[in-house]
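Contents: one structure, followed by commentary.
Convention: sequence-line order gives letters A, B, ...; per-chain numbering from 1. This one's a predicted model, so the numbers in the text were calculated from it and none came from an experiment.
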There are 2 protein chains.
Amino acid sequence: MNQASSSENPALVPATGEQDRTPKTARGEKTLAKLLAAAKSEFGDRGFHQTSISDITQAAGVALGTFYVYFESKDAIFRALVRYLGAETRAHLSAAVEPAPDRLRAEIMGLEAFIEFVRAGPTLYRTIEEAQFVAPETWRGHYSVFAEAYRHNLAAAAAAGQIRPGDDEVRAWALIGANVFIGMRYGVWDQSRSASDIAAHVGDLIANGLKPGP
Amino acid sequence: MNQASSSENPALVPATGEQDRTPKTARGEKTLAKLLAAAKSEFGDRGFHQTSISDITQAAGVALGTFYVYFESKDAIFRALVRYLGAETRAHLSAAVEPAPDRLRAEIMGLEAFIEFVRAGPTLYRTIEEAQFVAPETWRGHYSVFAEAYRHNLAAAAAAGQIRPGDDEVRAWALIGANVFIGMRYGVWDQSRSASDIAAHVGDLIANGLKPGP
DNA sequence: TCTGAACTTGAAGCTTGATTCATGTTTCAA
DNA sequence: TTGAAACATGAATCAAGCTTCAAGTTCAGA
């Protein structure tokens with residue numbers, strides 16, 4: 001959770017007019033990290049509305065008042081957390097896909113990695129999705145970044161002749177949706193099928209479509 | 001909203017041990033309908049946590065206490081509403097797809113209808129998605145019913161030679177996810193592109209996949 | 001050592017809003 | 001017509017929990 005230091009996490013740099021809650025010392029940095037780690041675990045377990053700030057400070061081992069030294073509100077720490085988790089997810093997935101020789105292979109590897117990522121921390125996934133209702137702007141930002149990267153990859157692959165040309169923005173959103181729902185169904189609800197098996201079936205759909213061969 | 005009468009809406013038949021809140025007279029039936037209609041509009045506008053029971057009763061034009069004549073709690077009316085909206089959505093889409101000559105055409109018609117359905121009532125859509133966090137069992141039930149119907153349709157189409165055979169459950173979930181995200185992106189966020197154009201692009205992806213022709 | 005900024009503390013204030021309940025009013029079957 | 005069940009009312013109750021604040025403690029630099 002240390003990566004979430006003020007220098008790289010935009011959630012932690014104050015807007016003009018608000019008071020500066022950025023930690024100034026090593027001690028403060030450590031307390032902030034404890035709060036974020038506690039928020040990750042508490043929000044993940046019980047969801048935003050079921051967890052109180054006092055749950056978070058207790059899990060972090062600090063006093064209630066300390067919370068407001070670092071965050072303006074419960075919403076603020078949630079937004080900061082979602083930004084952090086979103087960046088973590090994107091980094092994980094792009095690393096998993098990096099060695100893929102072409103886009104079709106990348107789709108399969110990416111989905112398999114996503115299912116396993118979700119299985120490793122289903123509550124993390126839940127937190128990001130919950131942002132849709134608790135912090136819509138943050139959630140929208142997360143998926144917009146994701147979709148833009150996806151679109152860019154599709155366009156490059158089309159230019160390289162690896163895939164058919166098409167509307168890459170629309171295709172990116174459709175593919176992301178497919179990935180997210182597959183992750184929900186086979187990553188969170190039911191973990192009995194192997195991730196690679198699922199990924200292979202979806203990969204076949206994505207590569208060849210539904211239409212029967214001629 | 002009248003369709004939500006106790007005879008067909010399982011949300012309104014009481015579990016054993018709980019008190020019976022089913023309306024017994026025409027007046028009661030009418031009040032219940034007013035409450036559900038108000039809930040649809042209030043939850044849709046502000047979301048579950050931002051709307052109070054008193055918001056709902058005021059919108060319905062009844063006293064606060066009346067609420068508890070018909071619903072055990074705020075959660076209970078939300079669950080009832082989601083079940084109602086889910087059934088409405090499924091009915092709308094299956095009607096829209098009914099005249100399709102084959103499955104590939106049905107996919108395109110279904111997506112176009114879905115985008116237009118979402119555009120007609122984006123808040124309705126939001127309410128169903130919010131159920132993921134407010135009433136997870138209800139939400140899961142909604143998508144499970146949806147996915148099972150989808151899987152069944154795919155299996156029938158594969159048997160009829162309209163589409164390639166494959167893992168129909170996995171394909172159903174992937175396609176639902178694609179539809180949902182496309183609906184979010186082009187139905188809720190941005191309504192500038194025509195629904196039929198979007199549907200055609202996604203339809204091409206679903207029919208032919210990404211792989212370049214031989 | 002001294003000093004002020006950074007940090008910590010947790011009890012208290014305060015708002016919000018879900019739920020209850022005692023008291024009427026309406027309906028409808030007999 | 002009548003009485004019991006159904007329904008309606010809204011003030012009062014009550015708990016939860018966000019946020020503030022006044023009083024300390026720690027620490028780095030001078």
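The list of salt bridge (Lys or Arg N to Asp or Glu O under 4.0 Å) pairs with a residue in residues 45-61 of chain B, not counting sequence neighbours, reads Glu42(B)-Arg46(B), Arg46(B)-Asp55(B). The stretch residues 137-158 of chain B participates, sequence neighbours left out, in these side-chain hydrogen bond (donor to acceptor under 3.5 Å, both in side chains) pairs: Arg90(B)-His142(B), Glu107(B)-Tyr150(B), Glu129(B)-Tyr143(B), Glu148(B)-Arg151(B).
Applying the side-chain hydrogen bond (donor to acceptor under 3.5 Å, both in side chains) test to Ser194(A) and every residue at least two apart in sequence or in another chain returns Ser196(A). For Thr123(A), there are no side-chain hydrogen bond (donor to acceptor under 3.5 Å, both in side chains) partners two or more places apart in sequence or in a different chain. Legend: residues meeting ring-ring contact (aromatic ring centres under 6.0 Å, His included) with Phe43(A), ordered by chain and number and at least two apart, are Phe48(A), Phe78(A). Partners of Lys24(B) according to the side-chain hydrogen bond (donor to acceptor under 3.5 Å, both in side chains) rule, which considers only residues two or more places apart in sequence or in another chain, are Asp20(B). Partners of Arg171(A) by salt bridge (Lys or Arg N to Asp or Glu O under 4.0 Å), not counting sequence neighbours, listed by chain and number: Asp168(A).
Looking at heavy atoms from C-beta onward, Arg193(A) lies in side-chain contact with Val170(B) at the 4.5 angstrom threshold.
Atom CD1 in Ile77(B) sits roughly 15 Å away from atom C1' in dT19(C) (whole-Å rounding). Lys74(A) places its NZ atom 15 Å from the C1' atom of dT15(C), with the value rounded to the nearest Å. The distance from atom CG of Asp20(A) to atom C1' of dA5(C) is 13 Å, rounded to the nearest whole Å. Rounded to an integer number of Å, the gap from OH of Tyr68(B) to P of dT13(D) is 17 Å. Taking atom CZ on Arg46(A) and atom C1' on dG17(D), their separation rounds to 14 Å, with Å as the unit. Remark: P of dA18(C) and CD of Gln50(A) are 13 Å apart, rounded to the nearest angstrom.
Taking a 4.0 Å limit (strictly below) on heavy-atom distances, residues 53-60 of chain B reaches DNA chain C at Ile53(B).
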Give each protein N/O atom lying under 3.5 Å from an N/O atom of nucleotides 5-11 of chain D, with the pair distance.
| unit_1 | atom_1 | unit_2 | atom_2 | d |
| --- | --- | --- | --- | --- |
| dC7(D) | OP1 | Lys24(B) | N | 2.6 |
| dC7(D) | OP1 | Thr25(B) | N | 3.0 |
| dC7(D) | OP1 | Thr25(B) | OG1 | 3.4 |
| dA8(D) | OP1 | Thr31(B) | OG1 | 2.5 |
| dA8(D) | OP2 | Tyr70(B) | OH | 2.7 |
| dT9(D) | OP2 | Ala63(B) | N | 2.8 |
| dT9(D) | OP2 | Thr66(B) | OG1 | 3.2 |
| dG10(D) | N7 | Gly65(B) | N | 3.0 |

